[in-house]
Amino acid sequence: MRIEVRLFAQARERVGSANARLELPDGSRVADALTLLEQVYPALAELRPHLALAIDGTLARGSDALADGNELSLLPPVSGG
Amino acid sequence: MRIEVRLFAQARERVGSANARLELPDGSRVADALTLLEQVYPALAELRPHLALAIDGTLARGSDALADGNELSLLPPVSGG
Amino acid sequence: MAELTHAPIDVAPLLAAAARPECGAVNLFLGTTRDHHEGRSVLRLEYEAHEGMALAALRVLEDEARTRFELAHVVVVHRLGVVPVAEASVAVVVSTPHRAPAFEASRWIMDELKRRVPIWKKEHFADGGAEWVKGHVLE
Amino acid sequence: MAELTHAPIDVAPLLAAAARPECGAVNLFLGTTRDHHEGRSVLRLEYEAHEGMALAALRVLEDEARTRFELAHVVVVHRLGVVPVAEASVAVVVSTPHRAPAFEASRWIMDELKRRVPIWKKEHFADGGAEWVKGHVLE
């Protein structure tokens with residue numbers, strides 16, 4: 001299945017792009033997507049413990065299942081205001 | 001001596017004027033001025049325990065001495081804001 | 001520096017003056033005329049002041065707040081005369097490097113203003129009555 | 001209702017909308033770009049958001065604040081992109097019948113906003129560096 005990844009702030013800068021596309025086996029979970037991303041972009045690893053994640057705009061966990069066409073957002077610690 | 005009296009809010013309404021002029025014997029104190037005012041305007045008596053007083057714009061007490069030309073202000077409980 | 005005005009309070013210049021490079025927080029509080037009080041319908045408020053003493057007291061308040069809360073900027077403006085429903089009778093603007101003191105200072109200034117400044121408020125009711133608001137004896 | 005904007009925040013319409021006959025208090029808080037942080041000179045801030053999630057989170061915040069503090073009116077506006085020194089990145093406006101909840105609600109909204117809303121702030125320093133502000137892990 002195909003997953004659209006959106007990257008923000010530090011995550012975006014470490015990857016060098018606001019978007020990425022992943023091809024994952026059916027049955028993959030959020031954690032699998034992150035592991036694959038870290039293989040391609042090792043600079044993300046350091047950030048991983050601090051990332052929040054969202055599937056299609058809703059907060060998600062590493063154990064949540066992904067489905068084809070999902071948008072996965074990588075959300076570093078927030079600092080609005 | 002002559003004292004100019006300024007009256008505000010309830011005090012003004014009870015007297016029916018924002019200003020009054022008193023003639024007092026030399027050596028008179030603020031309390032003497034109030035006593036004279038109450039004789040002329042008995043409606044002030046009820047207000048007296050709640051009044052703050054000022055001589056020439058500075059808060060004063062009943063025991064403070066008056067001098068010719070002083071401005072005595074009668075200040076009911078305040079409610080700004 | 002504090003002001004008294006008989007016209008509607010214009011907040012735009014107050015906010016412009018509060019924009020400070022060294023600050024991260026601006027707080028503007030407006031006290032406005034509410035259309036009801038203790039179950040009675042209010043048509044308008046009417047304010048009166050000992051203007052000289054009120055201005056002096058407001059400026060003392062500003063100075064105390066500036067020191068106590070380390071304000072970079074503080075201005076209090078109080079309107080006098082008739083203040084229609086939903087219009088502001090008082091504006092307090094403060095600027096601070098961090099936000100917590102901005103809230104604390106605004107609140108403190110309003111609390112103290114109601115105790116210390118010779119200004120009086122009369123409520124005019126829809127039922128035809130009018131009453132001076134029970135206030136605080138000036139100390 | 002909450003808004004995100006890439007332009008300077010215009011507070012005049014926010015204050016006009018906050019003027020409510022049933023209210024006696026309006027509080028406007030502005031978070032502004034400060035020219036220094038931890039001893040370093042700051043040239044500007046730059047904000048980025050997951051706009052869909054940020055807008056949804058801000059609206060949830062407004063709803064929670066409305067209930068918790070019995071607000072008659074609440075609007076949060078957050079600016080994105082570059083915010084120069086002394087300009088506002090965020091505006092919070094609330095209206096309440098009495099003043100204490102106006103201060104409490106404004107403060108609570110700002111505290112929660114910094115924890116819950118996917119917006120990120122980068123500081124650009126005079127010494128040439130730039131850093132994302134250490135933030136809160138979104139929960």
Side-chain angles (χ1 to χ4, degrees), chain B residues 2-22 29-31 33-35 37-38 41-81, chain C residues 2 4-5 9 29-34 37 45-61 76-81 83 88-92 106-124 129-139:
Chain B
R2 175 168 286 188
I3 301 296
E4 298 292 334
V5 181
R6 294 185 63 188
L7 303 126
F8 294 89
Q10 301 95 311
R12 174 177 57 72
E13 291 188 346
R14 282 165 186 260
V15 166
S17 170
N19 298 282
R21 186 167 287 176
L22 297 178
R29 299 177 183 277
V30 169
L34 284 176
T35 300
L37 274 169
E38 284 175 18
Y41 308 104
L44 277 180
E46 195 189 346
L47 205 55
R48 186 164 171 182
H50 311 293
L51 282 181
L53 305 158
I55 301 174
D56 295 344
T58 301
L59 287 175
R61 298 174 179 208
S63 57
D64 286 344
L66 290 167
D68 186 53
N70 275 167
E71 179 186 276
L72 176 66
S73 293
L74 273 56
L75 310 166
V78 300
S79 55
Chain C
L4 298 172
T5 173
I9 297 174
F29 176 82
L30 299 173
T32 57
T33 297
R34 204 175 56 213
H37 186 217
L45 295 178
E46 194 177 352
Y47 287 88
E48 171 176 340
H50 185 308
E51 297 199 21
M53 291 184 73
L55 206 51
L58 288 173
R59 288 174 181 175
V60 167
L61 252 188
V76 182
V77 178
H78 206 299
R79 183 171 170 186
L80 301 175
V83 181
S89 53
V90 61
V92 175
S106 303
R107 187 172 191 157
W108 182 86
I109 289 168
M110 283 303 302
D111 288 348
E112 293 298 313
L113 184 156
K114 285 169 182 280
R115 270 195 277 275
R116 296 202 211 172
V117 181
I119 298 179
W120 299 273
K121 170 166 48 193
K122 191 176 194 175
E123 291 178 311
H124 292 268
E131 274 175 31
W132 293 98
V133 171
K134 282 191 193 73
H136 297 267
V137 176
L138 206 59
E139 282 162 21

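Every chain is numbered from 1, with letters handed out A, B, ... down the list of sequences.
- Of the atoms belonging to Arg115(C), it is backbone heavy atoms, and not side-chain ones, that fall under 4.5 Å from chain B.
- Neither the backbone nor the side chain of Glu46(C) comes within less than 4.5 Å of any heavy atom of chain B.
- Scanning for salt bridge (charged side-chain N to carboxylate O under 4.0 Å, His left out) contacts around Glu13(B) gives Lys122(C), with sequence neighbours left out.
- Scanning all heavy atoms of the two residues, the minimum distance from Gln10(B) to Trp132(C) falls at CG-CD1, 3.4 Å.
- Partner Ser79(B) forms a side chain to side chain contact (heavy atoms under 4.5 Å, CB included) with one of Lys114(C), His136(C), Lys121(C) and no other, that one being Lys121(C).
- For the pair Leu138(C)/Leu59(B), a side-chain contact is recorded, criterion being any heavy-atom separation below 4.5 Å from C-beta on.
- For Ala49(C), the part lying near chain B is the backbone, with the side chain staying farther off; criterion is any non-hydrogen pair under 4.5 Å.
- Of all residues in residues 64-76 of chain B, those placing a non-hydrogen atom less than 4.5 angstrom from a non-hydrogen atom of chain C are Glu71(B), Ser73(B), Leu75(B), Pro76(B).
- The 12-atom threshold is exceeded at CZ of Arg59(C), counting heavy atoms of other residues, nucleotides or ligands nearer than 6.0 Å.
- In terms of modelled atom types and a separation under 3.5 Å, the side chain of Trp120(C) and the main chain of Pro77(B) share a donor-acceptor contact.
- If you measure heavy-atom distances from Val117(C) to chain B, the contacts under 4.5 Å come from the backbone alone.
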